[in-house]
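Before any comments, here is the structure.
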Amino acid sequence: MPSSRSPSPENDVFSISTEIVPERTNKSASTTILTFDDLLPKVKPLLLHEDLQEGCGGQLWPAGMVLSKYMLTYHKTGSLLDKSVVEIGAGGGLVGLAVALGCEVNRPIYITDQIPMFALMQKNIALNNLLGRVDAEIYDWGTPPPSKVLENGGQHPDIVLAADCVYFEPAFPLLLQTLEDLIGPSTTCYFCFKKRRKADMRFIRDMTKKFAVEQISYDGLESDQREGIFLYQVQQKDKKQ
Ligand SMILES: C[S@@+](CC[C@H](N)C(=O)[O-])C[C@H]1O[C@@H](n2cnc3c(N)ncnc32)[C@H](O)[C@@H]1O
């Protein structure tokens with residue numbers, strides 16, 4: 001798969017305001033060992049290779065940590081069995097890989113991002129021995145979903161995971177389009193974001209106009225909210241009527 005040294009602007013870590021990108025932009029590539037506060041066993045942690053060479057998704061982001069912990073706590077057993085799971089804007093694959101390692105799943109999980117993140121997603125799948133259980137796909141928001149992501153000739157996924165996908169305003173309409181493409185009548189999207197600017201709340205307002213958006217209640221919500229991190233469940237509106 002091609003690799004690019006000229007990432008698209010939303011992926012270009014050096015073109016994004018330092019107010020938005022965490023401070024670790026200059027750190028060199030390395031592998032982080034994650035147990036998510038012992039939600040994964042110390043003997044089988046998630047190994048996440050981080051490398052900002054190809055874009056800002058090359059490091060883990062705070063909302064990704066929150067969503068991973070939420071999934072490992074509240075969806076560890078039972079609820080994901082027989083469900084199709086797709087992560088969008090996966091970066092190195094943090095959330096999807098955590099779910100594959102620590103939650104009871106019996107179908108392949110798709111972790112998706114733009115071309116610059118493809119090699120990193122694949123590396124992290126291999127690093128965690130998840131070949132065959134997790135599949136990396138290229139998926140640009142606003143474009144038709146990859147056929148594997150819409151299974152069996154067009155079925156919406158059951159679960160969509162989205163962490164820290166709200167940070168680049170020009171991509172907001174594309175992200176909204178992708179949510180519309182992926183969220184079907186039986187889909188639940190777990191959408192976790194960190195509010196960094198006013199525009200981020202505009203995105204949430206637009207999302208609320210199109211979808212049934214509910215804040216999820218979980219242990220640690222207050223402290224995450226103090227950090228500006230919010231976790232929502234997003235579903236089709238008519239489902240609620
Ligand atoms: C801030 S990172 C979050 C990475 C990971 N989800 C996490 O929480 O650690 C946002 C990700 O969204 C991806 N992204 C941005 N714009 C995109 C687009 N138009 N289509 C697909 N992915 C996009 C970036 O490549 C990046 O990996």
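FYI, side chains are in, hydrogens and waters are out, and symmetry mates aren't considered; it's all heavy atoms of this structure. Read the numbers this way: they start at 1 and go in the same order the structure lists the ligands and their atoms. FYI, the numbering just counts along the sequence from 1.
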Whether Thr112 side chain and Glu87 backbone form a donor-acceptor pair below 3.5 Å: yes

Donor-acceptor contact present, side-chain Asn128 to main-chain Leu46, <3.5 Å: no

Leu94: numbered ligand 1 atoms lying under 4.0 Å from its heavy atoms: 9 (O)

Heavy atom of Ala90, distance to ligand 1 below 4.0 Å: yes

SB check Arg196 Asp164 (cutoff 4.0 Å): yes

Spacing of Leu221 atom CG and Ile229 atom CD1 [to the nearest 0.5 Å]: 11.0 Å

From Phe172, Trp141, Tyr167, Trp61 - option closest to atom 10 (C) of ligand 1 by heavy atom: Tyr167

More than 12 heavy atoms from other groups under 6.0 Å of CG on Asp219: no

Atoms in ligand 1 flagged as close to Gly64, the criterion being non-hydrogen separation under 4.0 Å: 8 (O)

Separation of Arg107 CZ from Leu81 CG (nearest 0.5 Å): 11.0 Å

Part of Ala163 within contact of ligand 1 (heavy atoms, under 4.0 Å): both

Any N or O of Cys165 closer than 3.5 Å to N or O of ligand 1: no

Proximity winner for atom 4 (C) of ligand 1, if only heavy atoms of Ala63, Cys192, Gly89, Cys56 are counted: Gly89

Tyr139: numbered ligand 1 atoms lying under 4.0 Å from its heavy atoms: 20 (N), 21 (C)

Geometric N/O contact Asp164 with ligand 1, under 3.5 angstrom: no

Value rounded to 0.5 Å, distance of CD1 in Ile159 from OH in Tyr110: 15.5 Å

Heteroatom proximity flag, Leu60 to ligand 1, N/O under 3.5 Å: no

